[in-house]
Amino acid sequence: MTDTHTPTSEDAQSPEERRKLARRTVLAASSVAVTAVGVGSAFAATDGTTVSNEDTAAASASASEGACYTLTSELVEGPYYIDADKLRQDVTEDQEGIPLLLTLKVIDAETCKPLRNAAVDIWHCNASGIYSGYEEMGSGGGGTPPTGEPPTDAPTGTPTGPPPGGGGGHQEPTDDTRYLRGTWHTDRHGHVTFRTVFPGWYQGRCVHIHVKVHVDGEWTDAGYEGGHTCHTGQLFFDEKSVLLSAEVEPYASNTTTRTTLDEDTIYPDNGHAGGLLYLKYDRHHIARGVRGRLTLGVEPDETNNG
């Protein structure tokens, strides 16, 4: 009996090509599985119901954890940066709000290698839209925070004039408070994690976190000295998560007109390359906590002060 066999593309491959293909398949599957376990372990809800800012983001982003990323957008520093040398991972202090566990991975965008011992700064406003060090300026530098009943509709609004806290030159601090600010170093895998709270909002800006990455400096008992700033950017939150946070105190008492992500004049509207965070949380109980993560592709030899 003659065995008739139709050649396939797999038949046309050499043994070496088939081995490479099999190895790539195993590596991709392993990457997805390992990262999925890590993400799902934080802020687990009793009913296990979670949501991410993209329905398919978790799997695709996890698979590319060790892969090359595009260069992360450089954005303005804003007027409220303070080089406070607060070397800490937990920046919460006494601030109320939804717990946020923020993990960033810093890599060289050209070589895709992780940057070890880089200094990463984060700073952001509290649930009422106030920055530490600038409490006298009120909500985002826009005056005294408003009072009264919160709006019943989804907060919207188109800003007029320069957005407070977004552009413009640096302003000197008005007080000694330093909550929701901190600096920590990346590990050998380029990772750094902060504990903070979900930011609030203020007039003219969407919900965001500021970030800086410093390299080539030296860690001392006094802090991080020397080197240069290779990245200045901002991290953003999708509308679904912000609207859910607005239903929880103390965010629900923030009656300031909120600028949406689409309305914001600073967000570059280019997704995760522009700083849009991958988020994980229980959509029925967001108050229990949110996990945010993002890989920052930077140019370590460049200086970007924002």
Side-chain angles (χ1 to χ4, degrees), residues 53 73 75-82 91 93 95-98 100 122-175 177-181 196-212 232-269 274-277 279 286 290 292 306:
N53 56 338
S73 300
L75 300 176
V76 295
E77 175 187 281
Y80 305 127
Y81 174 64
I82 301 175
V91 303
E93 292 193 16
Q95 294 301 299
E96 298 181 354
I98 299 170
L100 172 63
I122 65 166
W123 72 100
H124 61 88
C125 70
N126 64 10
S128 299
I130 298 174
Y131 282 88
S132 65
Y134 300 88
E135 289 189 338
E136 292 182 12
M137 304 183 72
S139 178
T144 305
T147 59
E149 292 297 322
T152 55
D153 298 330
T156 59
T158 302
T160 57
H170 175 75
Q171 298 192 29
E172 290 301 313
T174 62
D175 56 73
T177 58
R178 295 295 183 267
Y179 52 80
L180 305 181
R181 299 177 181 272
T196 183
V197 298
F198 200 99
W201 58 88
Y202 51 90
Q203 182 71 34
R205 287 304 315 278
C206 66
V207 176
H208 64 282
I209 293 176
H210 293 269
V211 61
K212 278 183 178 286
T232 299
Q234 298 184 27
L235 309 174
F236 299 94
F237 297 77
D238 64 89
E239 284 298 302
K240 290 186 294 184
S241 63
V242 175
L243 287 174
L244 286 174
S245 74
E247 299 176 0
V248 179
E249 290 292 349
Y251 308 90
S253 296
N254 184 351
T255 59
T256 303
T257 300
R258 183 178 65 82
T259 299
T260 67
L261 191 66
D262 289 338
E263 294 168 336
D264 192 80
T265 58
I266 304 298
Y267 173 57
D269 197 26
L276 185 64
L277 289 166
L279 302 177
I286 193 172
V290 175

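As a basis for the values below, the full set of heavy atoms in this structure was taken, side chains included, without hydrogen atoms, waters or symmetry mates.
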Do L276 and L261 pass the side chain to side chain contact (heavy atoms under 4.5 Å, CB included) test, and can you show the C-alpha distance, the side-chain angles, and the key distance before you say yes or no? CA-CA 10 Å; L276 185 64; L261 191 66; 4.0 Å; yes
So CD of E136 and CD1 of I130: to nearest 0.5 Å the spacing works out to 11.5 Å
- Item | Donor-acceptor pair between T260 and D262 side chains, under 3.5 angstrom | no
| field | side chain to side chain contact (heavy atoms under 4.5 Å, CB included) between F236 and D264, worked out | value | CA-CA 10 Å; F236 299 94; D264 192 80; 4.3 Å; yes
- Item | Ion pair R178/E93, N-O distance below 4.0 Å | no
What one should report as the nearest heavy-atom pair of E247 and A252 is C-CB, 4.2 Å
With sequence neighbours left out, the residues meeting ring pair (Phe, Tyr, Trp, His ring centres under 6.0 Å) with Y81 are W123
Sub-4.5 Å side-chain heavy-atom contact between K212 and E77: yes
So OG of S128 and CD of E135: to nearest 0.5 Å the spacing works out to 10.0 Å
Value for CG (L279) from NZ (K240), rounded to nearest 0.5 Å, stands at 9.5 Å
Determine, stepwise, if the pair Y131 / Q171 fulfils side chain to side chain contact (heavy atoms under 4.5 Å, CB included). CA-CA 12 Å; Y131 282 88; Q171 298 192 29; over 6 Å; no
By ring pair (Phe, Tyr, Trp, His ring centres under 6.0 Å), Y251 pairs with (sequence neighbours left out) none
Of all heavy-atom pairs linking P268 and S73, the shortest is CG-OG, 3.9 Å
How about F237 and V290: do any of their side-chain heavy atoms sit closer than 4.5 Å? no
**Request:** Could you walk me through whether I266 and H208 pass side chain to side chain contact (heavy atoms under 4.5 Å, CB included), step by step?
**Result:** CA-CA 10 Å; I266 304 298; H208 64 282; over 6 Å; no
Evaluate the side-chain proximity of Q234 to V76: yes if any heavy-atom separation is below 4.5 Å, no if none is. yes
Rounded to the nearest 0.5 angstrom, the CZ-OG1 distance for R205 and T265 is 6.5 Å
So, do F198 and S241 sit near enough that their side-chain heavy atoms are less than 4.5 Å apart? yes
The side chain to side chain donor-acceptor pair (under 3.5 Å) partners of S132 (sequence neighbours excluded) come to R181
The reported gap from OG1 in T259 to CH2 in W201 (rounded to nearest 0.5 angstrom) is 11.5 Å
Check your understanding: Are any side-chain N or O atoms of T232 and backbone N or O atoms of V211, one a donor and one an acceptor, separated by less than 3.5 Å?
Key -> no
Nearest heavy-atom contact between A127 and N254 is O-ND2, 3.1 Å
So CG of L100 and CD1 of I209: to nearest 0.5 Å the spacing works out to 5.5 Å
(Q) In the structure I gave you, are the side-chain heavy atoms of V197 and L180 within less than 4.5 Å of one another anywhere? (A) yes
ask   = Looking at side-chain heavy atoms only, is the closest gap between C125 and Y80 below 4.5 Å?
value = no
